[in-house]
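Working notes for the structure below.
Note: hydrogens, waters and symmetry copies are ignored here, and every other heavy atom, side chains too, is used.
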Amino acid sequence: MKNLYLRYSPNIEKTFKILASVYFLFSFYYFFFLSNGGGGDEFLFVNDLIFIKTYGWIAAIEKSISIPYMILVYPFSFFFKGYVALRTVNILLLFLLLLYFFKIVKIKTSLFYFYLFFFLATSKYFFAGTNDALFFTGLVIFMTEVFYFIEKKKMNSQVLAFSGLIVSFFTREMFVVYLPVVMLGLYFLYIKGFSFLNKKMVFPMLLFFFFLTVNIPSLKLNNKLSYDAKTPPTEIKASWSQRQYLAQLLVNKGELQNFSHPSWEQTQEYLIVNGTKSLPDGIVEGLTFDYSLTIKEFLKDFYYSMFFGLRQLGLILIFPFYFILTNLKKKNILNPEMFIPYSLIVMLCVFSLIIISFIEPRWYIAVFISAIVFYNQYQVEKKINYNFIIANYLVLICFSFLGIYSILHKFMKII
């Protein structure tokens, strides 16, 4: 079998690299240059930029904005339209992430970057103008540094690891959802003998206090940190979590198309007709409001997470599951080598549990990119079965064809 692998693998690998490159370039061109600007979540951040320029930073922070992201975008907004400034910053963040992998982590094998290009082609969020890119870049760097400390007893950059973590913390409130992964990483660092108190922590701590200070207007007025918020119109007395919960109820009744939301007005009307307690408000209420629905949606969302995950990673998504199953028999359940596999499974389960409506694949960007780092390292070390590697190439080749066809179809609609 090894002889067959050595014979056919170079050509299959080359085919995958070519298709992944074409797919990435087409995806980048379509989402950065051709997709409508200022729509969807971009609309929120474009409005935040306008608000800052109109009313100033203090008023914007009191209103709630993503401070780290707005700090990065603000200078570019003087040279580009709002949505172009947002997208430009995210492309720069992607470039810096690639530079981090190449110069700091020193990943020299080209396959890693083609795996990454394929994944990026399936996810537009480094090409669209939202703070996802900054939030997940910080988490990816932290998780990567934890992984390499476990593997090699040394971080590539402790400063970047914890600075990235702090930037993520202040960028999106979703950081709370990723806390299990962060705590797991810190625990594994601790048991592996990592020293948290050293001079390399000075800059991350200064960064933490800087962002804490900048958040003072929000802390004083709202008693919480400033994060971007999808707030309803002032006349609407409904929350985003209630709107999401109603979405799933309507989908289950066949009254709403899957992967969509009712309007704010529909949500308000539902609460008026059925009472203010007819929809849960918040994660905890959502989980306990209807246990049978929670279990049903968890199973369905986990299935969709795996389905979309396979589309974005191929068999790279499966490898961490296989790694856990084959290693639990001979290693301690809390072995640090399980960090990336555990992180992936934990986040798949957490999002599948707390989201009653539909899952958005972008929420998994941090663990999916970390899974690529994990898979690539084991492939380089020749710890992955040859058949598995070939099968993964073939799966990614098929998905690349499908992705290229899908984007060309979108091109035709525009033309």
Looking only at side chains, do [X] and [Y] share a donor and an acceptor under 3.5 Å apart?
| X | Y | value |
| --- | --- | --- |
| Asn90 | Tyr69 | yes |
| Thr130 | Asp41 | no |
| Asn131 | Asp228 | yes |
| Gln248 | Gln244 | no |

What orientation do [X] and [Y] show, parallel under 30°, tilted 30 to 60°, or perpendicular over 60°?
| X | Y | result |
| --- | --- | --- |
| Tyr405 | His409 | parallel |
| Phe175 | Phe169 | perpendicular |
| Phe127 | Phe31 | parallel |

Do Leu344 and Phe319 touch side chain to side chain, with heavy atoms closer than 4.5 Å?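 No - every pair of side-chain heavy atoms lies 4.5 Å or more apart.
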
Output all residues satisfying side chain to side chain contact (heavy atoms under 4.5 Å, CB included) with Lys14, sequence neighbours left out; order by chain, then residue number.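 Checked Lys14 against side chain to side chain contact (heavy atoms under 4.5 Å, CB included); matches are Ile18.
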
Quick one: list whatever passes side chain to side chain contact (heavy atoms under 4.5 Å, CB included) with Val105, sequence neighbours left out.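 Applying side chain to side chain contact (heavy atoms under 4.5 Å, CB included) to Val105 gives Tyr100, Phe101, Ile107, Thr144, Glu145, Tyr148, Asn156.
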
When the aromatic ring centroids of [X] and [Y] are compared, is their separation below 6.0 Å?
| X | Y | value |
| --- | --- | --- |
| Phe117 | Tyr113 | no |
| Phe374 | Phe323 | yes |
| Phe118 | Tyr23 | yes |

What's the spacing between Leu221 CG and Lys63 NZ if we round to 0.5 Å?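 Going from CG on Leu221 over to NZ on Lys63, the span is 12.5 Å.
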
Please identify which of these residues, Phe298, Trp363, Tyr304, meets the ring-ring contact (aromatic ring centres under 6.0 Å, His included) condition with Phe351.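 Between Phe351 and the candidates, ring-ring contact (aromatic ring centres under 6.0 Å, His included) is satisfied uniquely by Trp363.
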
Sequence neighbours excluded - side chain to side chain donor-acceptor pair (under 3.5 Å) pairs with any residue from residues 177-193: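 Found none.
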
Geometric cation-pi criterion, Lys108 with Phe102: 6.0 Å, 45°: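 Checked: cation-pi criterion met.
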
